[in-house]
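A short worksheet on the structure shown next.
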Amino acid sequence: MTRRYLILLITINAIISLAIALLVAWLVELRRPDPEELAALLPALASSTAVATPLLASTAELQQLELRQIETATVAIVPTQSAPQPTGPVYVVQSGDSLSSIATRYGVSLNDLLETNELDDPDFVFVGQRLFLPNGASTDGASSTGTTQSDVGASGVNTSGNSAETTQGTDLSSSVKISGIDGVGDLENESLLLVNESDLPLNLQGWTVSYEGGPIYTFGNFPIFPGGSVRLYTKVGTDTTINVFWGRDTAIWQSQIESRLVNIQGQLVHQYQVP
């Protein structure tokens with residue numbers, strides 16, 4: 001290739017490159033906004049910004065207003081007070097009792113008895129259930145089969161001297177039993193099983209489990225149905241419908257210890273000797 005021909009090629013390439021550069025610059029210039037059009041748009045943008053600012057301020061003000069209204073409403077709320085608990089004589093339901101017979105015995109209406117104890121079903125009552133007697137109830141002509149709270153001393157033992165009131169202990173001594181004590185000496189598994197072998201639903205509220213010289217467990221409001229059972233664990237735990245927990249941090253049962261089940265009247269219902 002001659003020198004002259006090489007110079008010619010270089011010149012042609014330079015001309016082509018220059019033409020491409022000019023074409024690109026021209027296209028870019030075409031896409032650039034007109035300064036006059038931009039100047040016309042600036043006032044519109046400023047106006048829209050000025051409108052948006054008050055709107056945002058109004059939204060914040062509305063939120064603050066809603067918070068103030070909520071705080072005012074909260075302060076204005078009057079705390080709801082729980083209904084007062086009934087007071088007065090308490091009757092402990094015995095075997096064979098019904099709500100209507102109790103109402104008749106104490107000279108009050110069945111509806112008053114239901115309302116005083118917040119009961120809905122006039123045909124359902126537990127042996128051992130504690131019923132508040134309505135105001136104006138007469139205890140003068142009451143049948144000797146009943147026990148009121150005034151007849152029960154601080155120790156839970158009947159103090160009225162009425163021999164007929166031992167009926168509950170006699171009836172239940174052969175039907176509510178300590179069936180056994182498992183896991184003796186092992187806190188994690190140690191438990192006493194109590195079984196209702198009677199045909200009556202019972203409420204164990206106020207009943208106790210203990211042994212001579214040992215700690216005493218007192219049942220809370222715990223219904224137990226015919227054929228039902230409850231297991232009393234020695235350890236700490238959360239009570240359920242079938243298990244209750246003594247809350248002790250050490251095992252308490254030992255071989256040959258005589259466990260005792262006592263009802264709310266302080267009468268011995270059943271004894272069980274740990275094997």
Side-chain angles (χ1 to χ4, degrees), residues 90-95 126-130 145-149 151-237 239-275:
V90 175
Y91 176 79
V92 181
V93 178
Q94 308 292 304
S95 176
F126 283 113
V127 172
Q129 184 175 359
R130 296 156 62 86
T145 60
T147 303
T148 60
Q149 183 67 23
D151 295 331
V152 180
S155 63
V157 179
N158 175 25
T159 60
S160 68
N162 189 341
S163 60
E165 292 176 0
T166 62
T167 302
Q168 184 181 12
T170 303
D171 289 345
L172 301 181
S173 62
S174 60
S175 55
V176 181
K177 297 181 178 180
I178 300 173
S179 178
I181 299 178
D182 300 324
V184 176
D186 178 9
L187 177 62
E188 186 61 29
N189 298 305
E190 188 176 80
S191 62
L192 177 148
L193 182 63
L194 185 66
V195 178
N196 178 13
E197 297 181 353
S198 73
D199 296 327
L200 298 172
L202 307 172
N203 192 319
L204 299 179
Q205 185 172 14
W207 289 43
T208 63
V209 170
S210 63
Y211 62 86
E212 186 69 28
I216 300 175
Y217 174 82
T218 303
F219 282 93
N221 184 15
F222 194 94
I224 179 172
F225 291 89
S229 63
V230 55
R231 186 171 289 276
L232 171 59
Y233 283 91
T234 305
K235 63 182 180 181
V236 176
D239 293 350
T240 67
T241 56
I242 57 174
N243 298 321
V244 293
F245 295 83
W246 200 318
R248 311 289 300 183
D249 55 7
T250 57
I252 62 171
W253 298 112
Q254 300 177 17
S255 179
Q256 305 305 310
I257 283 182
E258 194 84 16
S259 58
R260 296 163 52 89
L261 175 65
V262 177
N263 65 17
I264 193 173
Q265 284 79 29
Q267 300 160 349
L268 178 63
V269 175
H270 191 246
Q271 284 182 306
Y272 175 85
Q273 188 177 56
V274 181

ring-ring contact (aromatic ring centres under 6.0 Å, His included) partners of Tyr272, counting only residues at least two apart
none

Once you round to the nearest 0.5 Å, how far does CD of Glu197 lie from OG of Ser229?
10.5 Å

Side chain to side chain donor-acceptor pair (under 3.5 Å) with Ser259: which residues, sequence neighbours excluded?
none

Take Phe245 and Asp239, measure what side-chain contact (heavy atoms from CB on, under 4.5 Å) needs, and give me the verdict at the end.
CA-CA 6 Å; Phe245 295 83; Asp239 293 350; 3.6 Å; yes

Residues passing the side chain to side chain contact (heavy atoms under 4.5 Å, CB included) test with Ser255, sequence neighbours excluded, are none

Does any N or O in the side chain of Gln256 come within less than 3.5 Å of the main-chain N or O of Gln254, such that one atom is a donor and the other an acceptor?
no

Can you list, pair by pair, the side-chain donor-acceptor contacts under 3.5 Å of residues 180-193, counting residues two or more places apart and other chains?
| from | atom 1 | to | atom 2 | distance (Å) |
| --- | --- | --- | --- | --- |
| Asp182 | OD2 | Arg231 | NH1 | 3.0 |
| Asp186 | OD1 | Glu188 | N | 3.4 |
| Asp186 | OD2 | Asn189 | ND2 | 2.7 |
| Glu188 | OE2 | Lys235 | NZ | 2.9 |
| Glu190 | OE1 | Thr234 | OG1 | 2.8 |
| Glu190 | OE1 | Ile252 | N | 2.9 |
| Glu190 | OE2 | Gly185 | N | 2.8 |
| Glu190 | OE2 | Trp253 | N | 3.3 |
| Ser191 | OG | Arg231 | NH1 | 2.8 |

Just so I know, are the side chains of Trp207 and Leu194 near enough to count as touching, which here means a heavy-atom distance under 4.5 Å?
no

With no hydrogens and no angle check, is any side-chain donor or acceptor of His270 less than 3.5 Å from a backbone partner on Ile178?
yes

According to salt bridge (Lys or Arg N to Asp or Glu O under 4.0 Å), who are the partners of Glu212, at least two apart in sequence or on a separate chain?
none

Solution key, residues 214-226 side-chain donor-acceptor pairs under 3.5 Å, sequence neighbours excluded:
| from | atom 1 | to | atom 2 | distance (Å) |
| --- | --- | --- | --- | --- |
| Asn221 | OD1 | Asn203 | ND2 | 2.7 |

Contact summary for Ile264 and Gln205, nearest pair of heavy atoms
CD1-O, 3.7 Å

